[in-house]
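I have placed the structure first, in the form of structure tokens, so that the comments after it can refer back to it.
This structure is a prediction, so every number in the text was calculated from the model and none was measured. Numbers restart at 1 for each chain; the letters A, B, ... are given by sequence-line order, proteins then strands.
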Amino acid sequence: MEKLSQIQGSIVSIPMNDIDTDQIIPARFLKVTDKEGLGKAAFCDWRYLEDGETPNPEFILNKPAYAGATVLVAGDNFGCGSSREHAPWALMGAGFKAVISTDFADIFRNNALKNGLLPVIVDRDTQQQLFSLADEDPNTTVSVDVEAQTLTLPDGREVGFPLDGFSKYCLLNGVDQLGYLLALDAEVTRFEANNRQRVVTTA
Amino acid sequence: MTSNGKARTLFEKVWNAHTVREQSADTPAVLYIDLHLVHEVTSPQAFSMLRERGLAVRRPQQTIGTMDHSTPTTPRNALGVIPVADALAAKQLAVFSENCDDFGIPMYALGDEHQGIVHVIGPEKGLTQPGMTIVCGDSHTSTHGAFGALAFGIGTSEVGHVLATQTLLQNKPKTMAVNVEGSLGAGVTAKDIILAIIARIGIGGGTGFVFEYRGEAIRRLSMEGRMTVCNMSIEGGARAGMIAPDDTTFEYISGREHAPSGADWDAAVDAWRLLPSDDGADFDQEITIRADELSPMITYGTNPGMGMPITASVPAPADEADYNKKIALEKALAYMDLAPRQKLLGKAIDVVFIGSCTNSRITDLRQAAEFVKGRKVADNVRMLVVPGSQQVKRQAESEGLHEVFKAAGAEWREAGCSMCIAMNGDQLQPGQYAVSTSNRNFEGRQGKGGRSFLASPLTAAASAIAGVVADPRAMTASSL
């Protein structure tokens with residue numbers, strides 16, 4: 001994972017609640033065995049016309065003015081549904097570095113953080129303000145400071161957002177969580193010695 | 001109660017018993033995982049990561065694989081093989097097979113006598129037991145909570161963590177008691193309970209929580225019914241849903257392949273009897289619904305929270321005060337091509353799907369078969385019946401259920417996720433309406449442009465016969 005401390009980028013909004021992972025990346029694209037090429041399929045059924053290839057000119061991500069956006073502003077409960085980590089992979093593949101919403105589904109948020117896609121939780125007023133700003137001016141940019149846990153709006157207003165200390169450490173240092181778990185080998189071995197193994201699948 | 005007198009919930013007992021390292025200000029808790037279920041879709045990148053880092057699977061003997069998501073459910077050929085026509089799916093299955101071989105993980109391949117949907121085979125093989133921690137790269141892992149296990153879905157990075165270390169970093173969730181009091185009326189089932197709960201709390205209502213389903217109506221459910229309820233916890237936003245183990249649980253597990261036996265069984269049951277939440281244990285939140293007030297439920301919209309009693313009318317955006325909800329409802333009705341205040345009863349349908357990790361177990365098939373017996377699926381309806389596992393399939397066939405379905409004009413398929421996820425050849429065509437026993441009615445979930453009404457196996461069976469959305473209670477009363 002690459003280090004992530006600052007994000008500065010223009011925003012694009014999909015002001016809908018409950019955007020589920022089947023919309024972010026439909027299941028028919030989950031037959032891959034790697035993480036490549038998913039960006040093209042992000043929001044596939046909204047982004048392309050019936051033929052699945054021709055960009056739908058009405059869909060916001062296809063509008064040239066928003067082409068370079070790296071921060072997605074979305075309605076409440078973003079990422080609900082399936083546990084597919086293909087969702088953050090697809091969003092990152094489509095160029096996003098952060099998603100701003102009032103709240104995120106648990107599994108999506110976990111998956112996003114493990115890949116360096118930053119879920120930024122804001123209050124409803126800020127969310128609505130960002131919807132308006134994105135609508136009015138496609139060049140609206142925001143900046144995010146991971147260390148300070150702040151989102152800075154175009155008017156200079158700073159909004160704090162929650163981020164657990166461990167995820168923050170991993171983002172800032174570009175390390176994944178597996179290293180931490182591997183280092184606990186002795187503790188896990190002790191736990192295993194003290195606790196009966198419940199089932200043996202190989203038996 | 002514990003020696004220090006603090007009353008604890010079922011969740012807390014299981015959580016505490018699996019904490020390798022406590023949560024601190026700087027780090028989440030490290031939780032030990034008893035059983036890891038893997039399938040072909042969410043594991044390949046995790047195995048690749050192990051290879052890149054030169055890591056082994058720490059506990060292959062606590063891991064089991066099955067093929068389910070991208071597998072076709074079409075009939076076997078003359079050689080007894082289920083052919084995989086989709087080259088990408090075939091490759092994914094081959095990669096999965098190789099990964100399980102290389103890392104020493106037992107795996108049930110497509111067509112194997114033990115193969116099936118991951119959340120069906122865990123319980124049926126006796127691998128799912130009370131008090132365990134169980135994870136899988138699939139959000140419906142919450143199913144296993146029906147046994148009093150703490151079971152939840154994880155992403156592929158976490159699949160890698162569990163493969164390599166048998167542990168996960170987890171922040172402790174909050175708990176919500178979901179009381180279902182009273183008893184269910186005729187024609188009302190476990191599926192209706194959970195659809196009613198989600199309609200009440202909304203699809204984000206359980207975010208950050210583990211549910212514990214309690215109350216008389218839950219106690220009276222079969223294990224299959226309890227699995228249906230826990231399965232859809234995630235549709236309410238909760239990663240896990242649990243039910244305290246009791247005699248119904250023990251009876252289900254007893255004698256299964258991986259169940260303890262002899263003295264081990266007695267010891268296990270003694271330990272399991274200590275798991276239910278103590279009297280007076282605190283939950284962070286509590287809700288209560290009355291089972292006797294429930295009707296068969298059906299969804300009308302594009303998420304599982306958009307559900308209503310089957311006799312009700314579709315809500316009108318104009319009646320919705322909250323702006324965001326109004327917009328969401330408008331969009332959902334446009335996708336579903338439904339009018340505000342329209343009744344769904346009598347609405348013509350194209351497909352009925354009975355299957356998925358929510359409703360593909362033997363009791364689900366028995367319920368549907370009982371309804372279908374001696375009747376014909378309506379001419380306008382394609383009905384698929386997809387058993388959750390090869391074992392369920394054999395059981396159903398030994399009871400003659402397949403003949404009942406086939407005689408009615410339904411398709412009797414091989415085991416798998418099938419039309420629930422539409423990545424295996426089974427899918428709706430654009431614009432089609434389906435009454436489906438699966439768990440998600442998101443746009444395109446069952447096929448691009450397809451429209452899903454989620455309901456119970458009883459409602460699905462009644463609708464297949466009627467050719468329209470139908471109330472199983474009305475049909476039972478008039479024609480059985």
Side-chain angles (χ1 to χ4, degrees), chain A residues 15-18 20-23 26-35 44-46 50 52 75-77 80-86 88-89 103-108 110-111 114-115 164-166 169 176-178 180-182 184-185 187-188 190-192 195 197-203, chain B residues 20-21 25-28 30 32 34-35 41-42 44-45 48 60-64 70 86 88-89 91-92 95 106 127 129 132 137-139 153-158 160-161 164-167 169 171 203-204 207-208 237 239 258 303 324-325 327-328 331 421-423 440 442-445 448:
Chain A
M16 281 191 296
N17 288 356
D18 305 317
D20 59 80
T21 52
D22 276 272
Q23 307 319 311
R28 60 185 184 276
F29 297 105
L30 309 189
K31 287 177 237 171
V32 294
T33 51
D34 56 23
K35 306 175 186 178
C44 184
D45 291 350
W46 292 347
E50 290 289 297
D76 307 349
N77 193 32
C80 59
S82 146
S83 63
R84 61 191 69 165
E85 199 159 320
H86 308 70
W89 297 336
D103 57 351
F104 293 87
D106 285 328
I107 305 178
F108 175 84
N110 279 336
N111 286 341
K114 287 182 177 61
N115 289 277
D164 73 272
F166 189 68
Y169 172 84
D176 69 23
Q177 302 181 354
L178 180 57
Y180 176 85
L181 289 174
L182 286 167
L184 297 183
D185 183 62
E187 274 179 71
V188 178
R190 204 173 320 127
F191 182 94
E192 286 172 337
N195 290 274
Q197 186 180 330
R198 310 286 176 125
V199 287
V200 183
T201 58
T202 44
Chain B
V20 175
R21 182 179 272 197
D26 298 322
T27 49
V30 176
Y32 192 78
D34 290 320
L35 177 66
V41 173
T42 58
Q45 299 85 353
S48 298
Q61 70 273 33
Q62 287 170 231
T63 313
I64 195 152
S70 61
D86 182 330
L88 266 180
K91 183 190 168 201
Q92 188 173 57
V95 165
L127 287 166
Q129 296 174 18
M132 289 173 62
D138 187 282
S139 62
I154 56 178
T156 298
S157 294
E158 291 178 317
H161 296 177
T165 71
Q166 207 59 31
T167 61
L169 282 152
N171 289 305
I203 59 166
T207 303
R239 284 180 77 182
H258 290 280
N303 72 52
N324 288 329
K325 287 184 183 164
I327 298 297
K331 186 168 184 298
I421 189 152
M423 62 178 296
R440 288 187 174 136
F442 297 142
E443 287 182 27
R445 169 75 181 192
K448 191 177 171 184

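Heavy atoms closer than 4.5 Å to chain A are found in both the backbone and the side chain of B:V20. When heavy atoms are compared at a cutoff of 4.5 Å, B:Q62 approaches chain A by way of both its backbone and its side chain. Contact of B:A89 with chain A is made through backbone and side chain together, with heavy-atom distances under 4.5 Å. Looking at B:V41, the atoms closer than 4.5 Å to chain A (heavy atoms on both sides) sit in the backbone and in the side chain alike. With a threshold of 4.5 angstrom between heavy atoms, B:R440 approaches chain A through side-chain atoms but not through N, CA, C or O. Residue A:Q177 touches chain B through both its backbone and its side chain, counting heavy-atom pairs closer than 4.5 Å. For A:N17, the part lying near chain B is the side chain, with the backbone staying farther off; criterion is any non-hydrogen pair under 4.5 Å. Contacts of A:F108 with chain B are absent, with no heavy-atom separation under 4.5 Å from either backbone or side chain.
In terms of heavy-atom pairs under 4.5 angstrom with chain A, the leader among B:V30, B:L35, B:N324, B:T42 is B:N324.
A salt bridge links A:D45 and A:R28; the closest N-O separation between the charged side-chain nitrogens and carboxylate oxygens is under 4.0 Å.
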Item checked: A:W89/B:Q45 under side-chain hydrogen bond (donor to acceptor under 3.5 Å, both in side chains): CA gap, chis, key distance, verdict -> CA-CA 11 Å; A:W89 297 336; B:Q45 299 85 353; over 6 Å; no

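Between the B:S70 side chain and the B:M423 main chain, no donor and acceptor come within less than 3.5 Å of each other.
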